[in-house]
Amino acid sequence: MFTRRNTRLVLATAAAVSLTGGLLTLTTGAASASPAKYADDFNGDGYRDYAIPDYGEFTVTYGTATGPGSTTKTFTQKSAGVPGTAGDAGGYGDGFGEDLAAADLNRDGYADLAVADRSEKVNGKVSAGAVTIMWGAKSGLGTKATRLPVKAKSHLSFGNELETGDFDGDGKADLAVADGLDTVHIYRGGFTRAGKTGKVTKHTRSGPTHTFEPTGLVAGKVTKDKTTDLYVLGQGYRKDKMTQDAWLLRGGKTVKWSDKLVAINNSEPDYDPTGVVADFDKDGYGDLAVSDTSYNKGAGSVVVVRGGKSGPTAKYRLTQATSGVATAASKSDGFGYELSAGDTNRDGYPDLAVGVPGEKVGSAKDAGGFHILRGGKKGLAGTGSQWFSRATEGVPGNPKEYEMFGSAIRLRDLDGDGDKDLLAGSVNRETSLFFRASASGITTGTVTELSLKPGFPQ
């Protein structure tokens, strides 16, 4: 799952006062054949670590047997060994750390971190963009960094989006990089600290609509082969209307576009979508769950695109008007603003956590909350879903106007018991609430607060 930018949410606040589970074990951002046990274990101690993106920096919190630990480190372009120049680049702001993707790119047993900076000025080219690989080591990230090779062009915004996966099925982690125009660059493994990579291919979508800008990359196993597939989310024109669409780059020895274009929204696209791939119905094919927060005057929705033998097949839409979903659909709720997938109740089906940051709770406007939608034989449904806000019994605090709780959520086994726990918070805050999972799902009996934002890749 790629990292959602929080620009829109921050501006909204100011004006008012973001493959797991089932049969698929490859999560978004992870390479299936990586020598490292986990694609985000940067110091090789056997525990998953947490890399949190931000503007101009990112912070790593190292994991322990019981979840996030107390060892953290923040990196900027002023950090030793990190290439480039920190600060504003021609009025575009410093984008270093705005998007992150982890994998063991050089196969040395330590996970590495690709760090995007679409604003970087390179060789005199304004906003050419750059991607820096921070190499893992026994001491963690920071021992050395290497910039990904690319020909600098002004306003290319290279590094607009990042994802990792084994796209050609050779057992080596690859890296997909979208620029700010219309192209996805796929760098094959292996990578070296000297800056070498495998074959690089460029993929520009053509057909019934033109993509002005890829706005999201979502990796996962959609078909049943051993390769990682890649959904490209973006905007285009079709029949003289701005659209939000999803295209699939099918993994294989030759990575190529699927013939089918999937329309997510035909009239008012989500300019900052989020998505995740998981096998919600356990048919062996990965399904794409993608946000469409513009739907129904901003009430929001989640569109699920079923996977099949050759890629995307049928789709269905979930909203707060779906039967079984606890809250009602209202203008500007933002249902689907953030998504995360994982099995929360031990039934073998991935569930979907759905953030609703604009939800009114009691009299508190934009207090926010989140739903857990259940996976099952027919896919995701509202039946049996759970709803949580600051007003839910056992959840610390009270609903606050414009808190936008649920704008940041993440499902992950934090305590090592096999259940997908949940972190929930606001992109405008530095802490989050830790909800533990059990056989009955996410619980509120022992909710605790952590000094960790839930903005890390899945």
Side-chain angles (χ1 to χ4, degrees), residues 1-16 18 160-161 178 180 182 205 208-218 231-247 261-277 287-305 312 315-322 325 327-340 352-360 365-371 373 380 382 402 404-409 426-428:
M1 176 177 169
F2 63 92
T3 305
R4 175 183 276 279
R5 299 188 179 95
N6 63 9
T7 306
R8 178 177 56 192
L9 209 59
V10 173
L11 292 177
T13 303
S18 76
N160 196 45
E161 304 289 343
D182 57 6
R205 181 63 183 173
T209 184
H210 174 70
T211 306
F212 290 118
E213 177 186 359
T215 54
L217 300 178
V218 187
Y231 270 107
V232 182
L233 312 179
Q235 284 92 49
Y237 268 122
R238 188 166 57 254
K239 296 182 179 179
D240 297 323
K241 290 184 178 180
M242 186 68 83
T243 63
Q244 179 187 343
D245 300 310
W247 299 265
L261 176 150
V262 181
I264 305 300
N265 188 315
N266 291 327
S267 58
E268 192 177 358
D270 183 342
Y271 291 96
D272 189 16
T274 186
V276 63
V277 170
D287 310 312
L288 170 70
V290 61
S291 65
D292 181 8
T293 56
S294 299
Y295 181 79
N296 190 20
K297 298 181 180 180
S301 69
V302 176
V303 175
V304 181
V305 184
K315 65 180 179 181
Y316 57 96
R317 188 182 296 271
L318 298 161
T319 72
Q320 290 185 103
T322 299
V325 176
T327 54
S330 301
K331 180 181 178 181
S332 302
D333 279 345
F335 178 84
Y337 180 88
E338 184 64 292
L339 305 174
S340 189
L352 186 70
V354 182
V356 196
E359 182 72 20
K360 184 179 181 180
K365 297 178 181 178
D366 297 326
F370 64 90
H371 294 275
L373 304 182
L380 289 171
Y402 308 124
M404 297 182 174
F405 183 65
S407 58
I409 51 178
S426 168
V427 295
N428 300 315

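Side chains are part of it too, since the values below use all heavy atoms of this structure and drop only hydrogens, waters and symmetry mates.
Atom OG of Ser330 sits about 12.0 Å away from atom NZ of Lys297, to the nearest 0.5 Å. In this structure, Leu380 CG and Tyr316 OH are separated by 4.5 Å, a value rounded to the nearest 0.5 Å. Here the OG-CD1 distance, from Ser426 to Ile409, works out to 12.0 Å after rounding to the nearest 0.5 Å. Distance check: Leu352 CG to Ser340 OG gives 8.0 Å after rounding to the nearest 0.5 Å. One finds the OG atom of Ser294 at 12.0 Å from the CD1 atom of Ile264 (value rounded to the nearest 0.5 Å). Between atom CH2 of residue Trp247 and atom CG of residue Leu233 there is a gap of 8.5 Å, rounded to the nearest 0.5 Å.
A distance-only check finds no donor-acceptor pair linking the side chain of Thr293 to the backbone of Gly300 [under 3.5 Å]. In terms of modelled atom types and a separation under 3.5 Å, the side chain of Tyr231 and the main chain of Val277 share no donor-acceptor contact. In this structure a side-chain-to-backbone donor-acceptor pair under 3.5 Å is present from Asn265 to Glu268.
Counting non-hydrogen atoms of other residues, nucleotides and ligands closer than 6.0 Å to NZ of Lys365 gives a total of 12 or fewer.
Looking at Asp333 and Lys360, no side-chain N of the basic residue comes within less than 4.0 Å of a carboxylate O on the acidic one, giving no salt bridge.
Counting all heavy atoms, side chain and backbone alike, Pro273 lies closest to Gln244 at CB-NE2, 3.7 Å. Smallest separation of non-hydrogen atoms from Ala178 and Pro214: CB-CB, 4.0 Å. Here the shortest heavy-atom pairing between Asp366 and Gly358 reads OD1-O, 3.3 Å. Between Thr274 and Tyr337 the shortest heavy-atom distance is CG2-O, 3.3 Å. Looking at every heavy atom in both residues, Pro269 comes nearest to Met242 through CG-CG, 3.5 Å. Scanning all heavy atoms of the two residues, the minimum distance from Ala321 to Ala329 falls at N-CB, 4.3 Å.
Counting heavy atoms from C-beta on, the side chains of Asp287 and Val305 never come closer than 4.5 Å. Side-chain contact between His371 and Val356 is present, with heavy atoms from C-beta onward closer than 4.5 Å. Here the side chains of Phe405 and Phe370 are in contact, with some heavy-atom distance below 4.5 Å. The side-chain heavy atoms of Leu217 and Val232, taken from C-beta on, include a pair separated by under 4.5 Å. Between Val325 and Thr319 there is no side-chain heavy-atom pair separated by less than 4.5 Å. Counting only heavy atoms from C-beta outward, the side chains of Thr215 and Asn160 never approach each other to under 4.5 Å. Taking 4.5 Å as the limit, some side-chain heavy atom of Val354 sits within range of a side-chain heavy atom of Leu339. For the pair Asp245 and Gln235, the minimum side-chain heavy-atom distance is 4.5 Å or more.
Side-chain contact, Thr243 with Asn266: no donor N or O sits under 3.5 Å from an acceptor N or O.
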Val302 and Arg317: CA distance, side-chain angles, deciding distance, side-chain contact (heavy atoms from CB on, under 4.5 Å) verdict: CA-CA 6 Å; Val302 176; Arg317 188 182 296 271; over 6 Å; no
